[in-house]
Amino acid sequence: MLYFISGGYCMRFSRMLIPTMREVPSEAEAVSHKLMLRAGYVRQLAAGLYIFLPLGWRVLNKINRILKEEMESIGAQEISMPILHPAEVWQKTGRWYEIKDEMFRLKDRTERDMCLGMTHEEIMTWLASKEIRSYRHLPQIWYQIQTKLRDEARPKSGVLRTREFIMKDSYSFDIDEEGLEKNYKLHADAYHRIFKRCGLRFYQVESDPGMMGGATAHEFMAPSPAGEDEIVLCDKCGYTANVEVAHSVSPAIEDLAWEYEEVHTPQKRTVKEVSDFLNIEPAYFIKSLLVMASEGPVLVLIRGDQELHEKKLTRIVGPFRTALKDEVLSILGVEAGFIGPMGHKMRILADSSLKEGTYVTGANKVDFHIKGAKPDTHFKAEWHDLHISKAGDHCPECNTLIKIEKAIEIGNIFKLGTKYSMPLKAVFLDKEGQERPMIMGSYGIGPARIAAAAIEQNNDKDGIIWPRNIAPFDVEIIPLSINDNKTMEVLEMLYKGLTDSGIAVLIDDRDERPGVKFKDADLVGIPIQIILGEKSLKDDQVEIKRRRTKEIRKVFIENAVKEAIAFSQETE
RNA sequence: CGGGGCGUAGCGCAGCUUGGCUAGCGCACCUGCCUUGGGAGCAGGGGGUCGGAGGUUCGAAUCCUCUCGCCCCGACCA
């Protein structure tokens, strides 16, 4: 009898929880979400909370193994931190107050304020502050693969944005910027190796440090329509950045050198209305926006074909809001729609694209616009990049046409500097006996996002096509007739041979019709299928099929193990 | 948090506008026969009280009020 197989020493489809679905649950939108549900990888417990079923968990573990190997290779040490945190640590860095509803908060039985960790900078830094005394103990890199909790405003797209998720997070502690730079680079390089091993197409892009604070940050982005971010790419010079921070050069326009004149534009307020009315392209307009910043009102000028990039403006003037209609009237003396930059005393910021040229803009007089306004001649402004990059713009580095792609953020790296070490007093004594704060970096990767991105980038109409290194199994054997003796003998032989070579094998031993097994095998997406059918077996052959290409290779039984391994290894 | 959509069997849906028989269909599931190279066929069977609460009514899946949940767009996003 089939001792190995019947004895439970192998993974049998009939015994595993692999609840595949023929129909797509209606709540799923993203391709990866649909396929993870249909192929039996995950189930949803509630909004943003997912159960990883056996196949899904195997995938995460494959990814985590790669993470650990690459982390260890740069000298990072794995530790494990609590998920439940006392409020005080977060209060010391101020994030207890800065972060609002996104933090899960609770009290323990003694009414002590606690929170669930959304990240671990505070706790890691706390540890460093307790245990590291001397420059001799530095540098250190600590990492963990640990659950994070965030009360997301809008969980979405399956496991891409959830309220509870696992993250590989690491933290570096150095005596100086030079050390940080080195660890930052080590992480960037390790991340490249990790994502490559996981079979992803990805870019490293400049990013916004956001609430992490700190000066420099990069994100690792896997292009996919399911992504929430947009990235700017230049094929020629390699410039890459998140649109949140990306610079770009708006398409150049010819200077039409109009004479300065007032034109009557009755009831034409928006750029589009005036543009249509005068039959002049929007790019020849100056859009004037009044915003209220903490320093007071600020007039912001962008070109008519641009959108204001609020984050860029925030970095210059701090938090702001657009002015109300009444405020526009009382501050500028004209109603919105006819504002121009001329003759105002307040601070004026303008997008750099407006530095040259001749434009149409509001006349500061109802129903009139000015044609022929020239920067520096008719108004003065501080020049900044204030627009959102978009398709049609050019690269800020080499002026080539840029591309914009949607992408999933699969990892990020931040230079934190002393943002956490100062408030938490993570200090050490240097060679001169001087007390100095540690220079820190933090580095994250979301394993579930890697899995989802891998599916987004590798699927076809039939299902998932796992990259080899993160597939839940290496090979799926499909005996078409489980009641046929020869089939089962060959099955056991192959199973033993492959397993002895370290190949992870799933056997579809269900008493199902061949069509069902083929459909499920394609859906589940294991890279290599070995089909045992009586047609081939009568010629002492089995079929080895590559999931990605559906290419089938017939081989003799005695060569099957060797061939399958070879086939597997030449598969991406 | 703003806008929109949806909650009827495990999944996908119909029924609701215009209240009225025992709440229906496909898939899945169970039993038997049969079948076995791309989600077979026949026969029989189990499972829902219509997201929840309240109300109107002789009578509510259907009408009204409140509430909970999920999805999508936006805001937000270590």
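We name chains A, B, ... by the order of the sequence lines, and we start the count at 1 in each one.
- Rounded to whole Å, atom P of B/rG37 lies 13 Å from atom CG of A/Asn483.
- Between A/His85 and A/His120, the ring-plane angle classifies as perpendicular under the 30° and 60° cut-offs.
- Sequence neighbours left out, not one pair with a member in residues 444-454 of chain A passes side-chain hydrogen bond (donor to acceptor under 3.5 Å, both in side chains).
- Taking the C1' atom of each, B/rG32 and B/rC70 are spaced 41 Å apart, rounded to whole Å.
- B/rU18 is unpaired under the Watson-Crick or G-U wobble criterion, no partner having all donor-acceptor distances under 3.5 Å.
- With respect to A/Glu512 and A/Lys517, no salt bridge is recorded, no charged nitrogen being found less than 4.0 Å from a carboxylate O.
- Pairs passing the salt bridge (Lys or Arg N to Asp or Glu O under 4.0 Å) check and including a residue from residues 14-36 of chain A, sequence neighbours excluded, do not occur.
- Pair check for B/rC70 finds B/rG5; Watson-Crick or G-U wobble, both atom distances under 3.5 Å.
- B/rC58 and B/rG19 have their P atoms separated by 15 Å, given to the nearest Å.
- The CD atom of A/Glu310 sits 15 Å away from the P atom of B/rG74 (whole-angstrom rounding).
- Contact annotation: the side chain of A/Met71 never approaches that of A/Tyr443 to less than 4.5 Å [non-hydrogen atoms, C-beta and beyond].
- Between the CG atom of A/Asp229 and the P atom of B/rC76 there is a distance of 13 Å, rounded to whole Å.
- Considering every non-hydrogen atom in both A/Val328 and A/Ala336, the closest pair reads CG1-N, 3.8 Å.
- The two residues A/Glu409 and A/Asp229 make their nearest non-hydrogen contact at CB-OD2, 4.0 Å.
- When all heavy atoms of A/Ala564 and A/Leu498 are compared, the closest pair comes out as CB-CD2, 4.1 Å.
- Classification of the A/Phe202-A/Phe220 ring pair by plane angle, with boundaries at 30° and 60°, yields tilted.
- Checking A/Pro25 against A/Asp511, the closest nucleotide of RNA chain B that is more toward the 5' end is the one next to A/Pro25.
- One can place CD of A/Glu512 at 15 Å from P of B/rC27, the figure rounded to the nearest angstrom.
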What nitrogen or oxygen pairs link the protein and nucleotides 67-72 of chain B at under 3.5 Å?
unit_1	atom_1	unit_2	atom_2	d
B/rC70	OP1	A/Ala47	N	2.8
B/rC71	OP1	A/Gln44	NE2	2.8
B/rC71	O3'	A/Glu27	O	3.4

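- In this structure, A/Lys34 atom NZ and B/rG12 atom P are separated by 12 Å, rounded to whole Å.
- Annotation: B/rG55 and B/rG47 have their C1' atoms spaced 31 Å apart (nearest Å).
- At whole-Å resolution of the value, CD in A/Glu152 and C1' in B/rC1 are 14 Å apart.
- A donor and an acceptor atom, one from each side chain of A/Asp474 and A/Ser568, are nowhere located under 3.5 Å apart.
- As judged by a 4.0 angstrom heavy-atom cut-off over every strand, A/Asp169 is placed among residues making no nucleic acid contact.
- Proximity of A/Arg22 to the phosphate of B/rG39: no side-chain N or O atom is located under 4.0 Å from OP1 or OP2.
- In this structure, B/rC33 and B/rG41 make a Watson-Crick or G-U wobble pair, each of the two defining distances being under 3.5 angstrom.
- The base of B/rG26 sits with one of its N or O atoms less than 3.5 Å from a complementary donor or acceptor on the side chain of A/Glu23.
- For A/Phe518, taking side-chain heavy atoms from C-beta onward, the closest of the listed nucleotides B/rG37, B/rU36, B/rG39 is B/rG37.
- Rounded to a whole angstrom, the distance from the C1' atom of B/rG74 to that of B/rG46 is 46 Å.
- In terms of heavy-atom proximity, A/Gly444 sits nearest to A/Tyr191 at N-OH, 3.1 Å.
- Separating the C1' atom of B/rG39 from that of B/rC11 is a span of 14 Å, rounded to the nearest Å.
- Salt bridge present: A/Lys415 and A/Glu181 bring a charged side-chain N and a carboxylate O closer than 4.0 Å.
- Per the geometry, CZ belonging to A/Arg510 stands 12 Å off P belonging to B/rA28, to the nearest Å.
- At a non-hydrogen distance threshold of 4.0 Å, nothing from residues 311-322 of chain A comes into contact with RNA chain B.
- The list of salt bridge (Lys or Arg N to Asp or Glu O under 4.0 Å) pairs with a residue in residues 316-328 of chain A, not counting sequence neighbours, reads A/Arg321-A/Glu327.
- The minimum heavy-atom distance linking A/Arg163 with A/Glu152 is given by the pair CG-N, 3.9 Å.
- When the P atom is compared between B/rA60 and B/rC21, the two are found 11 Å apart, to the nearest whole Å.
- Separation of the C1' atoms belonging to B/rA28 and B/rC16 is 27 Å when rounded to the nearest angstrom.
- Less than 4.0 Å separates RNA chain B from at least one heavy atom of each of the following residues of residues 536-547 of chain A: A/Ser536, A/Glu543, A/Lys545.
- For B/rA61, there is no paired base (Watson-Crick or G-U wobble, both distances below 3.5 Å).
- When the P atom is used for both B/rC33 and B/rC71, the distance is 45 Å, rounded to whole Å.
- For A/Asp522, whose side chain is taken as the heavy atoms from C-beta onward, the closest listed nucleotide among B/rG38, B/rA75, B/rG37 is B/rG38.
- In this structure, B/rC25 and B/rG12 make a Watson-Crick or G-U wobble pair, each of the two defining distances being under 3.5 angstrom.
- Base pairing annotation: B/rU56 forms no Watson-Crick or G-U wobble pair, as no partner gives both donor-acceptor distances under 3.5 Å.
- In this structure, A/Leu480 atom CG and B/rG39 atom P are separated by 13 Å, rounded to whole Å.
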